[in-house]
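What you are looking at is a predicted structure, and each value in this text was computed from that prediction instead of being measured. All residue numbers in this chain count up from 1 along the given sequence.
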Amino acid sequence: MPAAPSASPSGPSGSAVSSRITSIDALRGSIMILMALDHVRDFTSSAAMQFSPTDLTRTTAALFFTRWITHFCAPVFAFTAGLGAFFWLQRSGRTRAQLSWFLLTRGLWLVLVELTVVRFLFFFQFQLKGGLFVLTVFWMLGLCMVFLAALIYLPPWLLASLSLFVVATHNLFDGVDPARFGAAAPLWDVLHQQALIPLLGANFVTAYPLVPWIAVVALGYCCGPVFRWDAPRRFVFLLRLGSVLTLTFLVLRAANRYGDASRWEHQSKSLFTVLSFLNATKYPPSLLFLLMTLGPALIALALFERFRFADSNPLIVFGRVPFFYFLFHLMLAHLAAIALGALRYGPHFFLLLPPPSFGGPPDQFPPNHGYSLPVVYLIWFAVVALSYPVCRRYASYKSAHRANPWLSYL
């Protein structure tokens with residue numbers, strides 16, 4: 001499940017950044033569209049109600065790749081969030097103290113949105129006591145921004161070095177049992193592994209442990225100066241860096257020694273051996289998962305530098321209003337699932353419950369609840385198409401009211 005918007009990127013002009021770099025908007029817009037596929041699949045796929053799409057004992061290649069392609073969303077959001085922080089600082093007259101305050105307040109705002117608005121759009125429930133709070137992308141990005149508010153005071157070379165070190169070594173702690181920390185075990189869960197944490201009469205699921213996401217956001221921030229280079233130099237750098245990361249993934253994954261808690265295995269069919277090879281761990285994102293996703297993403301970013309995008313291009317429209325798009329498309333996806341279910345089954349109460357794919361009670365849903373993969377893709381297309389005119393209108397409004405500081409939070 002991807003995530004929240006970063007500050008609007010801008011293009012180089014002397015030593016400051018003054019006009020948008022559309023390649024970043026296009027990259028972010030691309031993954032916004034993919035993110036909708038993941039959410040529509042969660043709400044409407046019959047397979048999603050029964051098993052994980054990466055379970056090689058039950059999945060199909062089409063279902064696996066439908067899920068796998070959306071793995072690119074969260075890493076790109078985290079990386080571009082760091083880029084956005086750098087671009088925000090580059091605007092005339094801004095200081096690191098101002099950036100730190102902006103990151104702190106915006107980060108806390110995203111956490112609040114996660115616990116309220118996003119939770120409601122996923123579950124259509126307000127229940128607090130005994131309720132379920134799944135801490136997803138907004139939670140992760142928000143707290144990463146809070147940490148970055150302090151980390152920006154480090155020298156760039158030191159911040160980049162520490163971030164690379166965290167990304168490269170955090171898998172050394174995969175075998176740590178949280179129980180060894182006693183009462184502090186929930187802190188380890190928040191940082192490094194998925195877990196269910198009872199708190200204040202509710203249950204919190206750490207769907208997105210923070211390490212190494214903090215380092216990915218910080219690396220995005222450290223990469224910001226690259227976008228002050230001239231376009232040819234920037235293109236070569238991004239292409240080479242993306243290729244090196246991708247090649248490193250292939251080498252380390254082939255070695256099958258380090259970088260992911262899950263090893264790949266030979267399967268009865270060659271295609272499924274490939275699926276096993278690509279089935280890297282996302283929660284928390286392993287070193288191999290980040291290499292597998294950020295490498296190709298940087299290559300795509302470099303290639304997008306060679307295109308001219310109109311402001312009306314869907315990639316640009318969605319890429320410029322990711323926060324708004326996230327909330328709007330999530331509402332559409334959930335409403336579509338309810339409406340289609342009502343047409344198929346009638347106005348039954350179960351339609352207002354979280355589906356089994358979100359932890360809802362399977363015994364209260366009809367057998368084979370949901371739809372086939374082709375239908376899921378049709379619903380995805382409809383959700384994206386309906387989101388486009390609304391997001392385009394909001395993007396125009398946001399562009400015309402740039403002086404309004406509150407729009408930076410939306």
Side-chain angles (χ1 to χ4, degrees), residues 1-4 32 35-53 63 66-67 70 73 110-139 194 196-208 323-387 390-391:
M1 297 177 201
M32 297 303 300
M35 179 185 62
L37 174 60
D38 199 33
H39 291 151
V40 168
R41 180 190 59 79
D42 280 332
F43 280 120
T44 64
S45 168
S46 58
M49 310 299 166
Q50 303 174 50
F51 58 88
S52 167
L63 185 61
T66 297
R67 172 56 175 152
T70 65
C73 297
L110 291 179
V111 171
L112 177 63
V113 170
E114 173 75 60
L115 296 175
T116 55
V117 179
V118 174
R119 178 175 182 261
F120 174 74
L121 293 177
F122 269 121
F123 300 109
F124 280 0
Q125 292 182 345
F126 287 108
Q127 180 185 4
L128 299 179
K129 188 174 182 180
L132 181 66
F133 290 79
V134 182
L135 306 177
T136 60
V137 177
F138 275 36
W139 157 271
Q194 287 188 324
L196 178 68
I197 303 175
L199 182 67
L200 301 175
N203 294 307
F204 294 82
V205 178
T206 56
Y208 276 76
F323 181 89
F324 179 86
Y325 169 86
F326 183 98
L327 299 180
F328 186 79
H329 97 274
L330 189 58
M331 177 187 69
L332 284 183
H334 199 164
L335 288 175
I338 292 176
L340 290 171
L343 288 173
R344 184 177 182 182
Y345 302 107
H348 293 286
F349 176 74
F350 74 83
L351 294 173
L352 297 179
L353 294 175
S357 52
F358 287 115
D363 59 331
Q364 296 191 37
F365 286 78
N368 299 317
H369 174 65
Y371 306 91
S372 65
L373 200 55
V375 175
V376 170
Y377 273 82
L378 287 174
I379 300 170
W380 169 52
F381 178 82
V383 166
V384 173
L386 290 172
S387 298
V390 179
C391 290

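Under the 4.5 Å side-chain criterion, counting only non-hydrogen atoms from C-beta, Thr136 is in contact with Glu114. For the pair Phe133 and Leu200, the minimum side-chain heavy-atom distance is 4.5 Å or more. Within the 4.5 Å cutoff, the side chain of Arg344 has no heavy atoms near those of the Pro366 side chain. Taking 4.5 Å as the limit, every side-chain heavy atom of Trp139 sits out of range of all side-chain heavy atoms of Val118. Contact of the Arg119 side chain with the Val134 side chain is not registered, since no non-hydrogen atoms from C-beta on lie closer than 4.5 Å.
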Residues 326-336, side-chain donor-acceptor partners within the protein, below 3.5 Å, at least two apart:
| from | atom 1 | to | atom 2 | distance (Å) |
| --- | --- | --- | --- | --- |
| His329 | ND1 | Tyr325 | O | 3.2 |
| His329 | ND1 | Phe326 | O | 2.9 |
| His329 | NE2 | His39 | ND1 | 2.8 |
| His334 | ND1 | Leu121 | O | 2.7 |
| His334 | ND1 | Phe122 | O | 3.3 |

Per-pair distances, 0.1 Å, donor-acceptor, side chain in residues 368-387, under 3.5 Å, sequence neighbours excluded:
| from | atom 1 | to | atom 2 | distance (Å) |
| --- | --- | --- | --- | --- |
| Tyr371 | OH | Leu340 | O | 3.2 |
| Tyr377 | OH | Thr66 | OG1 | 2.7 |
| Trp380 | NE1 | Ile33 | O | 2.8 |
| Ser387 | OG | Val383 | O | 2.7 |

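Taken to the nearest 0.5 Å, the OH atom of Tyr345 stands 8.5 Å off from the CG atom of Leu351. Separating the CG atom in Leu196 from the CG atom in Asn203 is a distance of 4.5 Å, to the nearest 0.5 Å.
Smallest separation of non-hydrogen atoms from Ser357 and Ala48: CB-O, 3.4 Å. Of all non-hydrogen atoms in Met49 and Pro355, the two that sit nearest each other are SD-CB, 3.8 Å. Scanning all heavy atoms of the two residues, the minimum distance from Leu115 to Phe204 falls at CD2-CE2, 4.3 Å. Of all non-hydrogen atoms in Phe324 and Cys391, the two that sit nearest each other are CD2-SG, 3.9 Å. The two residues Pro361 and Pro354 have their closest heavy-atom pair at CD-O, 4.3 Å.
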- Task: Tell me, with the steps shown, if Asp38 and Arg67 meet side chain to side chain contact (heavy atoms under 4.5 Å, CB included).
- Result: CA-CA 7 Å; Asp38 199 33; Arg67 172 56 175 152; 2.8 Å; yes
- Item | Leu110/Phe323 under side chain to side chain contact (heavy atoms under 4.5 Å, CB included): CA gap, chis, key distance, verdict | CA-CA 10 Å; Leu110 291 179; Phe323 181 89; 3.6 Å; yes
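Checked against side chain to side chain contact (heavy atoms under 4.5 Å, CB included), Leu112 has the following partners two or more places apart in sequence or in another chain: Trp109, Thr116. For Leu352, the side chain to side chain contact (heavy atoms under 4.5 Å, CB included) test picks out Ile338, with sequence neighbours left out.
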